[in-house]
Structures are given as C-alpha cells and as structure tokens.
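The structure appears right after this line, and notes come after that.
Protein chains get the first letters and strands the later ones, always in sequence-line order, with residue 1 at the start of each. The structure displayed is predicted, hence computed values, not measured ones.
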Amino acid sequence: MNSDKREPVGSHGDLVALRHSAAHVLAQAVKRLFPSAQVGIGPATEEGFYYDFRFDRPFSPQDLEKIEEEMRKIISAGAPIVRRPLSREQARDLFEKSGEPFKLEILHSIPSDAEITVYDQGEFTDLCRGPHLPDTAMIGAVKLLSSSGAYWKGIETNPSLQRIYGTAFHTQKELDAYLERLEEIRQRDHRKIGKEQGFFRTLDENGAGMVLWLPRGAKVRRVIEEIWKTRHDRHGYQYVYTPHIARLDLWKQSGHWDFYRDSMFSPMEIEGSEFELKPMNCPFHILIFKESVRSYRDLPVRLAELGTVYRYERSGTLHGLLRVRGFTQDDAHIFCRPEDIASEIGKVLTLVDEMLSPFGFTNRSVYLSTRPEGSVGSDENWALATGALEEALKTAGIPYEIDPGEGVFYGPKIDMKFHDVLGRTWQLSTIQVDFNLPEKFDITYRDSSGNAVRPIMIHRALLGSVERFFGILVEHFKGAFPLWLAPEQVALLTIADRHIPYATTLASELQNAGIRVFTDFRNEKIGAKIREAQMMKIPQMWIMGDREAEEQTVSVRNRDGQAGGALPWKEALTSVAEEIRSGLSLNTASGLESGRTTHSKGVSD
RNA sequence: GCCGGCGUAGCACAGUGGUAGUGCAGUCGAUUCGUAAUCGACAGGUCGUCGGUUCAAUCCCGACCGCCGGCUCCA
C-alpha cells in the first residue's frame, strides 16, 4: 500500500478541466433524459465532480445508470466545447428562455466588471468561467458514483437540490485504479472492522453517538492511554481527574454557555440548581490551577487528563468513532507566563511527534488558524498569541499554512493533519492559545516582586480524541495492529488435549512477562484454530504438539501466513518482548530532560 | 437538523398481505486430529418501536428510534 494516491497520473490542471467538462456532460445528459430538471452548479472536486439539479424527485440508481450511459454517448460522439463571451443582457435572455432560475441567480451575483462567458457543447449551454477541454471526446473515462440531497449554495433554508457525484480520468485504467482505492477504503472502514473484530459497538439501546468499547478494543485503548500517560509524566505534566458535570454557573463563567451552547446538552436540575454535562475539560483545570496560590517558580503548570466530554452533535453528522457525542479528549492545559508561550508550544510540538510517530504517523500538514468572526479578546492579545504560535513553528522548523479565520472563539490555534497509509489526511493534534479563560476566572500567579500576574493558558490535544484516534488507527492498520499494540499479542494453539499442560505453563510465562496472550485449547483441528487466530489478526501464533512439548519449543507462525519453524520457547518469548519494547519505544530520550516535575505543590507542607 | 435510502436470529443475508428461512457463530454429542473451516444433532427471531388501514401486517400507511450516503459541522 503506497501513499502517493494524492498525485493522480496526469497534471492536476488537466484533470480539473477534464472533470469540469465531465460535469457539463452530466448536466447535458440529465437535460436530455429529464428536460424538466433545472441545473444548479457543477464543479470539479478533489476526487471528481458533481452537478446539482432541481428535480421533482430524487434520482434513483437506475436513473444514474441511464444518465451514465447517455454521458458515454455524448463523449463518444464528441462535440467541441466552445467558449462564448456574452453581454450580461444576452446571457440573461438565454437563461430566461431556457428556464434556468439558478443560472440567472448566479448571473446576478457576478461582479459588474467581470466578463460573462458561456460554454456550448452540442445543444447544451452552461454559464461557466471555464476552463474546459476543447472537445467532449477527450474525456477518457467517467463513472457516476452516487446521488444525494444538497442545498442550493449549501444554505439550509435554500431549496434542496439533487446532487449527482461522479469522477472522471484520462484513461479507463486510472479510473479502475481509483475505483479499487474506493473499494480498499470500504474494506478498511473502521465501523466494519470494529464490528467484525469486536472492538466497539454503538447500539440503539443506549442512543446514537455513544460508544461501547468491547474488551478487544478496550485493550488497545489501554495501551494507547498508558503510553500517553507515561510520555506526559516525562514531559512534566501532572495528571488530574475531573467530574463529568458541573454547575451551569461554571459554564456561564467560562463563557461556554454564551459561545458554545449549541454544542451542549440541555442542563439537568439537581436539588434546585442546574448542572451541565461537560463539553470541555478546561474550566475544571482552571479551578485546579486556582485552587492554590501559584508562584512564578511553579510555572509552567501543565495539567493533563484523558477527559470524557459530551457534545450535542446533530444526528445526521454522527459517523462511527470519528464523530460521536461522548468522547475522550487527550487533553492538557498549560499555564505559563506570556513570554514562555513560544517555548511551551515548542515543547508540545516535540511531544506531538513523540506521541504519534510510534503509530506510523510521521507525515503531517500544519495549519495556523487565525482570528474568526464572533471571537472574544483584544486585538493585542490575538496578535501576541498568533505571533507566539508562528515563532514556535519557525523555531521548530515546521512548514505551515495559514488558515484565515479558522481559530477558536478564544484564541488562535495550530492544527496538525496526519497522513495515513492511503494518503488520507486526518486532523489529530491541536494547540490553542487562550487569554480569555484566565481572565474570566481571574487566575494569577505571583511574580518575583510579589505582584499578582495573569498567566496565559494553552489548550492542547495530541490524538484529538481517543475514540477518533482509535477509529483512524483501525483504518490505518486495517485492523491488524502491530505486535506492541495488538489486543492479543501471542496465540497459543494446541494440537491435542494432551498438550494443554505444556501450553498452560507457557501462558503463565507470557503473562508474567506482560505479554497479552490468547489461548485456544479447544478440541478443534489445528487448521481451524489457525484460521480463527488469523481472522482475529493476532500477530503471532505458537503451535504446540508432541514434538514441541518434548523439546520445550514452540512452532511460530505469523499472521501473514509465514511459519517460522520451531524455536525454544524462551527464545520466542524474548524476541516477542523485545519487539514490544522497541515498538513502544519508551526508551526514547529526546526532549525528556525538559519535562521533570520539579515542584511539590500539594504534596509538601 | 435537512434531503434520500435502509432496519428480518449474535453476524452476513433470503423471503411473503395468512404470525419466517440459509450460512457462520452458539449449545450438546462424537472425533484427539500438525499450519486458514472435522462430523452430527439441537436450540435460537413478539421481522427496530408505537400507532393506523385490513377478517388478517414482518410485508401497506404514519410517527418515533437507529443505521447508511450526502448537505452542514467538527475532536
């Protein structure tokens, strides 16, 4: 599986024009088959194209087949695609006559100084700025993929249109490769694998968007969480636990009730006061910071928590583990002096790579999101925070792009998207600077002169959320976790009942060595046991019969089907233990000296 | 939330206006067997929920719940 899928053959410019032309062919075919359909817009997208139509009913799969067939006719017949500049009036007449209200609306929104062009191909004319291929015959291979509803201009109150998605390539071979990739993505779907492998479930009985972690998924989660805690300990974070609900007043004070209410569940009443399920952990960490008097000597204070939060997400947006209503953020809040922001961010950047590289996420894109509409805080603070983020990125030598207006309401942020084995990108890490909450809660520390000074706060999550991260991992590894992460690391398979005592001894040895063991001592043929272990994607199988019991060996077989032959069991155990250790790479020393917890807040006196 | 599709045993799926099947999994029995499925028997479902139409509903209609594909949004 290579990761260069984002670079399709042929130049991008070419492909965009080709797909845009394919969209026009789609519209032409629809108009031929369904003359009453009105056309919306039809752009090329990242992976193909779509076209929106107003039609009195949704398009069925059978419709799509017919439309696709008609498109092929148009393509094989060939027709020059001709650019034709028109005056505003001519264009208006044209689309009034052809009865295309959406085109007229677009026409009205084109700036008065812009040139108006239409493109003709055969009997079909579309308002469009181009560019296009010179002839429909040059569209190599097309395929319609799906249809769905979409709002005109994406606004919910606008009329709802029928959108048809498709893709197009220069050659059939490229199209086939793309379709294979789609199939590969289907095969990797974490919802499918999660069910097959018994990793997690969501059930009607407990409501949408709430995840039940089954034992096999939970084992993997524990490994992830243990690594996470160990690394955070080493980087000078202090682990805390906070409640799942808090008084509504707390959320009012934090500003969430004003700015985040749309994502919060309704309050619940307890003995006359209102409580709210937490959508974030930060107010609790603020309270913990505030709980004792802080000196500049204590800073930075780094509070970490795998904190489960609950957010109201609209039902239609829920998706497996990637979008849920209850999820666990790998959260931490760093309280520091304004002059330390850049260096603290730098340390977080180091930790991000240390945390994610063991999982194979080494390739990332970094975005710096700046001040959005409707945000809080002063311009100076926004400038200071944004500057500190940039400085940290530059110091770390990390290339980044600016994402204008995509910051959070309380501050700018760095977002990191990582590339998986298929070259897909996933938003994982986020680092956000916040001047607002320290203000709202009036938190301070004492500087060297004894003055109360306001610290700033950095919110950060490396994995994003444990649920989403796990879902991404399932897709990344196709359910076959590496040895160090797998729910069961070694499967012990007996040939016959008389080998059970020997296998039982080995099971204890493995368990004592901290290795996760799966035992299959059933009265089944070895082929059946191997098959099941293989389907569970257990990395290593140890098969034991008369010879092995006699010689104190095991016959090792990997899940890729390779049988490694007999090995003394002690050797096999050592080699597994070694592979686990290096996979966890807990011995990494990089950047750790910066992270000792040196003060004794709450422990002494 | 909106548009469209869907909801039959633990899982994957058939099927019908007259109260349902297949495969795998499960249970029991036999078998003790060397690198991806041993054989046999049994058991398992108020056909997502609630209401309506009908002599009769799992099937038709409605609402709700949930899932899927999009829109929108996002950890």
Side-chain angles (χ1 to χ4, degrees), chain A residues 50 52 55 57-61 145-165 189 191-192 195-198 201-210 262-263 279-281 307-309 311-331 406 408 415 426-430 432 459-469 471-472 493-500 521-536 541-548 555-559 561-566:
Chain A
Y50 67 82
D52 286 342
F55 193 48
R57 62 172 176 85
F59 293 109
S60 67
L145 298 170
S146 61
S147 63
S148 72
Y151 303 105
W152 171 238
K153 292 181 175 171
I155 298 167
E156 291 190 17
T157 48
N158 279 351
S160 152
L161 308 177
Q162 303 300 327
R163 175 169 298 178
I164 297 177
Y165 286 91
D189 193 314
R191 293 167 300 183
K192 169 180 141 73
K195 196 185 278 188
E196 285 168 358
Q197 293 288 322
R201 292 298 302 262
T202 54
L203 297 175
D204 306 15
E205 287 91 324
N206 76 328
M210 303 292 180
D262 287 350
S263 298
M280 293 192 187
N281 302 301
T308 303
V309 298
R311 297 183 185 174
Y312 166 68
E313 301 285 354
R314 304 202 291 177
S315 55
T317 65
L318 300 171
H319 182 91
L321 292 178
L322 303 184
R323 191 77 184 278
V324 292
R325 285 179 175 156
F327 59 97
T328 305
Q329 291 183 307
D330 66 312
D331 211 357
E406 289 301 310
V408 203
D415 280 335
W426 303 98
Q427 154 92 57
L428 297 176
S429 312
T430 181
Q432 309 170 354
H459 308 245
R460 38 111 296 177
L462 312 182
L463 311 177
S465 82
V466 180
E467 284 76 6
R468 169 184 280 183
F469 186 69
I472 292 166
L493 312 181
T494 48
I495 301 278
D497 287 353
R498 62 181 176 281
H499 309 122
I500 293 176
F521 299 167
R522 290 174 307 162
N523 175 10
E524 279 290 348
K525 291 173 81 173
I526 193 65
K529 297 188 187 184
I530 289 171
R531 179 166 193 271
E532 285 185 32
Q534 197 104 341
M535 290 197 304
M536 289 170 76
M541 289 162 234
W542 291 6
I543 296 155
M544 285 157 283
D546 288 337
R547 195 174 56 240
E548 287 80 8
S555 173
V556 177
R557 181 191 163 106
N558 292 321
R559 69 179 155 203
Q562 283 185 334

### Query
Taking the P atom of each, how far is B:G1 from B:A63, in whole Å?
14 Å
### Message
Donor-acceptor pair, distance only, cut-off 3.5 Å: does the side chain of A:D330 make one with the backbone of A:G464?
### Response
yes
### Message
Quick check for you: among B:A75, B:C71, B:G66, whose closest atom lies nearest to any side-chain atom of A:T317?
### Response
B:C71
### Query
Is there a donor on the side chain of A:E532 or the base of B:A25 sitting less than 3.5 Å from an acceptor on the other?
no
### Message
Using a heavy-atom cut-off of 4.0 Å across all strands, would you classify A:A208 as base, sugar-phosphate, or nothing?
### Response
sugar-phosphate
### Message
Under 3.5 Å, is there any donor-acceptor pair linking the side chain of A:R468 to the base of B:A75?
### Response
no
### Message
In whole Å, measure the gap between the P atoms of B:A41 and B:A25 for me.
### Response
15 Å
### Query
Hey, which of these two, A:A528 or A:S147, hits RNA chain B nearer its 5' end, going by closest nucleotide?
A:A528
### Query
Expressed as a whole number of Å, how far does the C1' atom of B:C2 sit from that of B:G10?
34 Å
### Nearest-nucleotide 5' precedence on RNA chain B, A:M535 against A:T430
A:M535
### Message
Of the options B:A75, B:C11, B:C71, whose atoms approach the side-chain atoms of A:R201 most closely?
### Response
B:C11
### Query
When we call it a touch if two heavy atoms are under 4.0 Å apart, what does A:R557 touch: a base, just sugar-phosphate, or nothing?
base
### Message
Let's test your reading of the model: under 3.5 Å, does the base of B:G70 pair with the side chain of A:Q162 as donor and acceptor?
### Response
no
### Of the listed nucleotides B:U35, B:U38, B:G1, the one nearest the side chain of A:E524
B:U38
### Message
Nearest 0.5 angstrom please: A:H319 NE2 to A:T202 OG1, how far?
### Response
11.0 Å
### Query
Side chain of A:K195: nearest nucleotide among B:A12, B:G34, B:A75?
B:A12
### Query
When you compare B:U16 with B:C6, how far apart are their P atoms, in angstrom units rounded to a whole number?
15 Å
### Task
Would you please determine if the base of B:A75 is stacked by A:F327, with stacking meaning a centroid separation under 5.5 angstrom and planes under 30 degrees?
yes
### Task
Would you indicate which nucleotide in B:C68, B:G34, B:C73 comes nearest to any side-chain atom of A:R323?
B:C73
